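Each chain gets a letter, A, B and so on, in the order the sequences are listed, and its residues count up from 1. None of the values given here were measured: they were computed from a predicted structure.
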Amino acid sequence: MYDYYQCNARDVLCIDLKSFFASVSCIEKGLNPLTTKLAVVGDTKRQGSVVLAATPPLKALGIKTGSRLFEIPHRSDIYIINPSMLKYIQVSSRISAIALQYVAPEDFHQYSIDEFFMDITDSYHLFAQTPSHMARILQQEIYNKTQIFSTIGIGSNPLLAKLAMDLEAKRTSEGVAEWRYHDVPRKLWDVEPLTEMWGINKRTEKKLNKKGIFRIGDLAHYPVEYLKRDFGILGVDLHLHANGIDESIIRQPHVIKGKSYGKSQILMRDYQFHELKTVISEQIDEVFYRVREKKLYPTTIAFTVGYADKGGIHKQFTKKDYFTSTMQVVSLIWRYLEEYAETDRLFRTVGVSFSNLRDSRLRQMNLFEAPEEVKREIIESYLDELRRKYGKEIVMRASSLTESGTLRLRKGLIAGHKG
DNA sequence: TCTGGGGTCCTAGGACCC
DNA sequence: TCTGGGGTCCTAGGACCC
């Protein structure tokens, strides 16, 4: 047993916007999310497309996030629509702004587009009697101003707040639940299967089951040294989390270790090998544009291509200096693929990712750098200006106009979704 | 009836240096 | 000459999140 008196004792809220994409899309159409059957899917034209969000009445029919479009029954009372990412981002920002009326920015953490944390320890007194009261005030205000329902978990640390939200608040009609350390044995330890808990998915569950661990309580009582031996740091985290312990404090955000920017796509059809070069170029162009906007250059670039049936190639390259142009990266990748890809097979997925980013402002001009390189950089920065002025898609490579180009199709898409 | 897209973190093993 | 060991960087691959 742990001495919970030694642990963080804060008042943290974890707020989840209920069926967010689906709700926003309903509201946009003047429909009520609580009574309408609506699903937002990645792309309505693809039968295999995944469901990104579904309203509660549709979920009641067995359709959930991750279901496939072809699993949704053909019925006149079911709406199936494409995402409107711009709209979702707008609504999400409005809601975050509401939350920021109640905490200082450093006590606020946006976890994803539809989930955020607030440490209200120092501020809730100004607005409410108790943390739970504060949660209800916030929930009500979000609803009044946006028509979006939220579920809120309250806990003594971010983990307990998240667990309270996932495992209890979501299942109640009011959508608020509070978990303190003393609730852990009663509320957390009976949880089963293990995948119910944040941080445990199928693979880990399987490995834990082999050890005879089936409930979170089993995990909490399993000797931590064995978990450490078999799972490393993750094993220690599993042990602590099963005991409700999480020492992170929102005001001291952890530094992200290896930030990366990437772009990946599942292609609309199977591609032949020679067609890939265009797509890869487009992706690299886009990611370069994004990192340049942040005044960064990558020292490591990675790419993945997946065959249509199965398997694929993943490779990363690191350059002491750093990569500065699309051409440079494309030719490196292409040379590799020409040598190692099975060029007579068909391809279905492509992705690139940049990491190990360096601040370009610190850049020292390398006197030995090929003049061609410098020229390309100048050209790219000029094109960036055009992109900023007229939008990312205004500048297309000539190859994008060929059959294999995807840019024209993607025009009007944001974050890979139809906007 | 294959296929969302964007991320983060961890580990193991090899290369290389002192 | 069968031998040391630690630090750092890099790559591949796995796992999980929303």
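- Mapping Q47(A) and T65(A) onto DNA chain B via the closest heavy atom, the residue that lands nearer the 5' end is Q47(A).
- If you take atom P in dC2(B) and the same atom in dC18(C), they sit 29 Å apart, rounded to whole Å.
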Quiz: residues 160-168 of chain A side-chain donor-acceptor pairs under 3.5 angstrom, not counting sequence neighbours:
unit_1	atom_1	unit_2	atom_2	d
K162(A)	NZ	E115(A)	OE2	2.7
K162(A)	NZ	D166(A)	OD2	3.3
E168(A)	OE1	W179(A)	NE1	2.7
E168(A)	OE1	K187(A)	NZ	3.0

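- A302(A) comes within 4.0 angstrom of nothing in the nucleic acid, heavy atoms only.
- Residue-level contact check: K206(A) touches neither bases nor backbone, having no heavy atom under 4.0 Å from any strand.
- Remark: S353(A) engages S260(A) in a side chain to side chain contact (heavy atoms under 4.5 Å, CB included) (not counting sequence neighbours).
- At the heavy-atom level, D309(A) lies under 4.0 Å from base atoms of the strands shown.
- Across all strands, L69(A) comes closer than 4.0 Å to no nucleic acid atom at all (heavy-atom distances).
- Nucleic acid contact class of R348(A) (heavy atoms, under 4.0 Å, all strands): base.
- Applying the salt bridge (Lys or Arg N to Asp or Glu O under 4.0 Å) definition to pairs two or more places apart or across chains, those involving residues 138-156 of chain A are E141(A)-K145(A).
- Each salt bridge (Lys or Arg N to Asp or Glu O under 4.0 Å) pair with one or both residues in residues 306-319 of chain A, not counting sequence neighbours, appears once here: D309(A)-R345(A).
- Spacing between atom CG of D270(A) and atom P of dC2(B) amounts to 10 Å, rounded to whole angstrom units.
- The nearest whole Å value for the distance from the CD atom in E286(A) to the C1' atom in dG6(B) is 11 Å.
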Next item on the list: Going 5' to 3' through nucleotides 8-18 of chain B, assign each nucleotide B (protein heavy atom under 4.0 Å from a base atom), S (under 4.0 Å only from sugar-phosphate atoms) or - (no protein heavy atom that close).
Entry: BSSS-------

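- For dT3(B), the OP1/OP2 oxygens have no side-chain nitrogen or oxygen of R269(A) closer than 4.0 Å.
- In this model, a donor atom of one side chain and an acceptor atom of the other lie less than 3.5 Å apart for S96(A) and Q110(A).
- Sorted by first and then second residue, the salt bridge (Lys or Arg N to Asp or Glu O under 4.0 Å) pairs involving residues 75-101 of chain A (not counting sequence neighbours) are K37(A)-D77(A), R75(A)-D77(A).
- With sequence neighbours left out, the side chain to side chain contact (heavy atoms under 4.5 Å, CB included) criterion links S67(A) to V51(A), I63(A), K64(A), E71(A).
- Scanning for side chain to side chain contact (heavy atoms under 4.5 Å, CB included) contacts around L337(A) gives F273(A), I280(A), F303(A), V305(A), I313(A), I333(A), W334(A), A341(A), with sequence neighbours left out.
- Applying the 4.0 Å criterion to OP1 and OP2 of dG5(B), one finds that S264(A) has every side-chain N and O outside that range.
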Margin query: Dot-bracket for DNA chain C, please. Rules: Watson-Crick or G-U, both distances under 3.5 Å, ( ) within the strand, [ ] when a pair crosses earlier ones, | for another strand, . otherwise.
Written below: ....||||||||||||||

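- Ring centers of F354(A) and Y261(A): at least 6.0 Å apart, outside the cut-off.
- Using a 4.0 Å cut-off, no side-chain N or O of R46(A) falls inside it from OP1 or OP2 of dC2(B).
- The residue K310(A) sits apart from the nucleic acid: no heavy atom pair falls under 4.0 Å.
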